[in-house]
Amino acid sequence: MKSLSAILALASLAARVSAHYTFPQLIVGGANTTAWQYVRETNNWQDLNPQTDVTTTDIMCYDSAMSGTASTISVAAGSTVGFTVDGNPSNLYHPGVLNVYMAKAPTGTDVSAWDGSGDVWFKVYQISAVTDGGSTITFPATGLAEVTFPIPAQTPAGQYLIRVEHIALHVASSYGGAQFYIACAQVQVTGSGSGTPGPLVAFPGAYTGNEPGILIDIYYPIPTTYIQPGPAVWTGGSSGSGSTTAVSPPVTTTAKSSSTSAPITTVKSTTTTAPPTSTGTGAAEFAQCGGQGWTGATTW
Ligand SMILES: *[C@@H]1O[C@H](CO)[C@@H](O)[C@H](O)[C@H]1NC(C)=O
Ligand SMILES: [Cu+2]
């Protein structure tokens, strides 16, 4: 008979190597709403597996296999909303970066019947990586049990999808290795915002998978800079260009603050560094967790 400690050690290991997660609950007014009530149920609601193909329509809301039945909830422009994280364990376990995008349903189209296609997505929040020129790279989103962010005050009233995305980078050193954990919520934004959100991108389309922030070895050599995937964050106003080819600048995010305010970002215009191509070491502890082609057990 195995000792209890051996069993617990095994369980702990299994939990660690298959630590996937979802974003089932929208947080509104500081309260967790019911799981999958305002968030479209994702294909991975049970197995928690990530999406790794940036070219599939499932890179948008990862809900193709589900019959979308989410409700739409009212939120005021300028207010703070968020998503909870559920999984084993229930936090953003993997090292990675986070983005939140929004897209406005066409006037006259109910967001619950809208697929979110087209150049319609603008970024409202991000938590990037912190680098210091090659000594360390850290990921402030790691370990979060919930993610909160403000809806920009100048967001025009209307119905929107809010898409949260955590890009786990622990096995991202080969193409298709980055793991996208995604969910989309349905909201009715109220208020008198008159901004013009942008730049606008499409899903799929926003990423090729070859971006230096997606195809990256975070272990060796330690990246000297990190370039956050996707367009710049729209913070309000009318500066959105609507461009679909915006090149995101290298962004270094400070460590997350303890408040609900967005992390302060410092935009640097340093030269883009080629993605590390090392055959280096370092990922073994996380290696079983997936990556494209992983066919082993991923559910725990
Ligand atoms: C809301 O969900 C988060 C993430 O699961 C959890 O940490 C928090 O305690 C929950 N809040 C309440 C009031 O239940
Ligand atoms: Cu995982």
Side-chain angles (χ1 to χ4, degrees), residues 10-39 41-54 58-59 62 70 73 75 79-100 125 127 129 139-150 162 164-174 176-183 185 187 209 214-219 256-260 282-300:
L10 266 179
S12 156
L13 179 66
R16 184 169 56 178
V17 297
S18 60
H20 303 314
Y21 31 83
T22 59
F23 296 94
Q25 295 166 284
L26 192 66
I27 303 170
V28 177
N32 298 345
T33 57
T34 303
W36 310 120
Q37 183 179 11
Y38 302 111
V39 179
E41 194 164 63
T42 48
N43 295 1
N44 65 339
W45 72 280
Q46 285 180 303
D47 65 26
L48 313 181
N49 287 338
Q51 179 56 251
T52 57
D53 181 356
V54 298
D58 264 328
I59 200 65
Y62 202 5
I73 187 170
V75 297
S79 69
T80 293
V81 299
F83 291 84
T84 65
V85 179
D86 184 48
N88 293 303
S90 286
N91 66 65
L92 299 180
Y93 175 83
H94 293 306
V97 297
L98 184 126
N99 290 311
V100 179
Y125 184 73
I127 304 176
F139 299 92
T142 305
L144 294 181
E146 58 182 50
V147 176
T148 57
F149 51 89
I162 305 179
V164 64
E165 158 191 274
H166 189 239
I167 310 176
L169 298 170
H170 51 299
V171 286
S173 58
S174 59
Q179 301 182 346
F180 292 76
Y181 296 89
I182 300 162
V187 299
I214 295 177
L215 179 56
I216 180 174
D217 185 336
I218 62 171
Y219 298 104
K256 81 184 160 67
S257 74
S258 55
S259 73
T260 55
E285 169 177 18
F286 303 99
Q288 288 182 61
C289 204
Q292 200 164 60
W294 169 248
T295 54
T298 49
T299 308
W300 173 255

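Start at 1 and go down the list; that is how both ligands and their atoms are numbered. Values reported hereafter were calculated over all heavy atoms of this structure, with side chains retained and with hydrogens, waters and symmetry mates removed.
At least one side-chain heavy atom of I216 sits less than 4.5 Å from a side-chain heavy atom of L169. Between H170 and Q179, the closest side-chain pair of non-hydrogen atoms falls below 4.5 Å.
Tested against F149 for a side chain to side chain contact (heavy atoms under 4.5 Å, CB included), the candidates V164, I162, I127 yield a single pass: I162.
For the Cu ion (ligand 2), the set of nearby N, O or S atoms under 2.8 Å includes none belonging to H170.
Annotation for T42 and W36: closest pair OG1-CH2, 3.2 Å, computed over non-hydrogen atoms. Of all non-hydrogen atoms in Q51 and I59, the two that sit nearest each other are CG-CD1, 4.0 Å. In this structure, A129 and V97 approach most closely via the heavy-atom pair N-CG1, 3.7 Å.
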Run through all N or O atoms in ligand 1 and write down each protein N or O closer than 3.5 Å, as a pair with its distance.
| from | atom 1 | to | atom 2 | distance (Å) |
| --- | --- | --- | --- | --- |
| ligand 1 | 2 (O) | N32 | ND2 | 2.3 |
| ligand 1 | 11 (N) | N32 | ND2 | 2.9 |

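Of all N, O or S atoms in H20, the one lying closest to the Cu ion (ligand 2) is ND1.
No side-chain donor from either of H94 and Y21 sits under 3.5 Å from a side-chain acceptor of the other.
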